[in-house]
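Heads up: the structure comes next, in structure tokens.
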Amino acid sequence: MEIQQLKKKHYPEVAQIYSDGLDTGIATFETEVPDWKTWKKKFMKPCRFVALKDNQVVGWCALNPASKREVYKGVAESTIYIASDFRGQGIGRKLLKHLIIASKAAGFWTLQAGIFAENKHSIYLHEQCGFRIVGVRKRIAKRDGKWYDNVLMEHRNDIT
């Protein structure tokens with residue numbers, strides 16, 4: 001497996017993996033896959049990566065700013081998706097650890113993740129990579145007419 005900077009050429013596979021995540025109903029509150037132009041505006045270029053196995057995108061991760069306010073410039077929200085056929089193979093762990101290292105190099109001191117309470121695998125993955133649960137936002141939003149709790153997790157980089 002190889003980790004590379006995510007490029008436009010990867011987006012069709014990234015979009016398919018994201019679509020598969022949407023289909024689970026517990027990966028995001030979003031319900032549609034955006035086009036490349038919209039997607040690249042959301043996620044920060046220096047911290048967008050793909051995992052490749054035999055030149056096939058098998059996972060991706062990225063950061064988006066937690067806030068536009070200057071005081072929070074070092075805080076970002078992490079996103080990670082693994083292709084359904086490749087889950088449980090350690091790809092998520094390698095990809096998330098890579099993202100953490102890259103985020104520190106880019107000057108981020110805190111990564112946060114909001115994960116559906118039902119998404120136990122994602123919560124476990126984040127815990128294995130040094131994230132901690134800082135709270136649960138009860139009934140924070142609806143997806144397909146159903147209320148969901150969101151587990152708020154964070155990872156602190158050692159930046160002083």
Side-chain angles (χ1 to χ4, degrees), residues 1-15 17-19 21-22 24 26-52 57-83 90-117 119 121-143 148-160:
M1 189 197 71
E2 177 184 0
I3 297 174
Q4 290 183 5
Q5 190 78 32
L6 191 152
K7 298 178 179 133
K8 183 178 181 178
K9 70 179 183 178
H10 298 125
Y11 192 67
E13 291 172 283
V14 165
I17 292 168
Y18 186 59
S19 178
L22 291 176
T24 69
I26 59 166
T28 178
F29 286 106
E30 301 297 331
T31 57
E32 294 182 12
V33 177
D35 62 17
W36 168 249
K37 185 177 178 182
T38 304
W39 190 92
K40 74 177 185 171
K41 282 183 183 178
K42 179 178 180 178
F43 295 105
M44 305 164 81
K45 191 172 185 176
C47 291
R48 302 188 305 214
F49 301 101
V50 290
L52 299 172
V57 176
V58 296
W60 65 274
C61 62
L63 295 180
N64 61 297
S67 173
K68 292 181 182 182
R69 294 178 59 198
E70 181 67 19
V71 296
Y72 295 115
K73 69 181 178 186
V75 182
E77 181 178 10
S78 64
T79 299
I80 184 167
Y81 286 83
I82 306 302
I91 294 167
R93 183 173 297 161
K94 289 176 186 171
L95 201 51
L96 188 54
K97 285 185 176 186
H98 185 88
L99 183 63
I100 290 167
I101 291 166
S103 74
K104 184 175 179 178
F108 290 96
W109 56 80
T110 300
L111 299 183
Q112 60 186 32
I115 304 171
F116 280 64
N119 196 341
H121 294 292
S122 186
I123 293 168
Y124 179 74
L125 168 66
H126 283 78
E127 287 176 330
Q128 294 302 302
C129 291
F131 281 71
R132 67 184 181 95
I133 296 172
V134 294
V136 177
R137 296 182 286 186
K138 298 285 188 180
R139 297 171 48 96
I140 191 69
K142 285 183 179 181
R143 178 152 197 248
Y148 285 93
D149 295 348
N150 215 235
V151 177
L152 184 59
M153 301 185 77
E154 76 172 14
H155 180 280
R156 299 298 303 250
N157 286 328
D158 297 326
I159 295 176
T160 55

Notebook entry, point to check: Could you give the distance from CD1 (I3) to CZ (F49), rounded to the nearest 0.5 Å?
Noted result: 8.5 Å
Next item on the list: Tell me, with the steps shown, if W109 and V75 meet side-chain contact (heavy atoms from CB on, under 4.5 Å).
Entry: CA-CA 6 Å; W109 56 80; V75 182; 3.6 Å; yes
Note to self: Take a 6.0 Å sphere around OH of Y124 and say whether it holds more than 12 heavy atoms from other residues, nucleotides or ligands.
What the structure shows: no
Notebook entry, point to check: Between W36 and R48, which heavy-atom pair has the shortest distance, and what is it?
Noted result: CH2-NH2, 4.3 Å
Next item on the list: Specify the closest pair of heavy atoms between H126 and I80, including all atoms of both residues, with the distance to one decimal.
Entry: CE1-CG2, 4.0 Å
Check: Do F116 and N150 come close enough that some side-chain heavy atom pair is under 4.5 Å?
Finding: yes
Notebook entry, point to check: Are side-chain heavy atoms of D35 and Y11 found at a separation under 4.5 Å?
Noted result: no
Margin query: Angle between ring planes, W39 versus F43, binned at 30° and 60°: parallel, tilted or perpendicular?
Written below: tilted
Next item on the list: Drop me the distance from L111's CG to S103's OG, to the nearest 0.5 angstrom.
Entry: 4.0 Å
Notebook entry, point to check: Mind checking whether D149 and R139 have side chains closer than 4.5 Å, heavy atoms only?
Noted result: yes
Item checked: Heavy-atom pair with the smallest gap, counting every atom of L95 and C61 -> CG-SG, 3.6 Å
Next item on the list: Could you tell me the separation between the CD atom of E77 and the CE atom of M44, rounded to the nearest 0.5 Å?
Entry: 12.0 Å
Margin query: Donor-acceptor check, side chain of N157 to backbone of T110, threshold 3.5 angstrom: yes or no?
Written below: no
Check: Looking at N119 and I26, what are the two nearest heavy atoms and their distance?
Finding: ND2-O, 3.2 Å
Checklist line | Residues E154, R132: salt bridge by 4.0 Å N-O rule | finding: yes
Notebook entry, point to check: Out of curiosity, R93 CZ to Q128 CD, how far, rounded to the nearest 0.5 Å?
Noted result: 5.0 Å
Check: Which atoms form the tightest heavy-atom contact between A106 and C47, and what is the distance?
Finding: CB-SG, 4.1 Å
Next item on the list: Please round to the nearest 0.5 Å and tell me the distance separating atom NZ of K7 and atom NZ of K40.
Entry: 14.5 Å
Check: Of all heavy-atom pairs between E32 and L22, which one has the smallest distance, and what is that distance?
Finding: C-CD1, 3.7 Å
Notebook entry, point to check: Checking side-chain contact (heavy atoms from CB on, under 4.5 Å) for the pair R137/Y148: CA distance, chi angles, key distance, verdict?
Noted result: CA-CA 9 Å; R137 296 182 286 186; Y148 285 93; over 6 Å; no
Next item on the list: Rounded to the nearest 0.5 Å, what's the gap from CG on L6 to NZ on K45? Could you check?
Entry: 10.5 Å
Notebook entry, point to check: Would V57 and L52 satisfy side-chain contact (heavy atoms from CB on, under 4.5 Å), going step by step from the backbone distance to the final call?
Noted result: CA-CA 5 Å; V57 176; L52 299 172; 3.5 Å; yes
Check: When the ring planes of H155 and F131 are compared, do they come out parallel, tilted or perpendicular, using 30° and 60° as the limits?
Finding: tilted
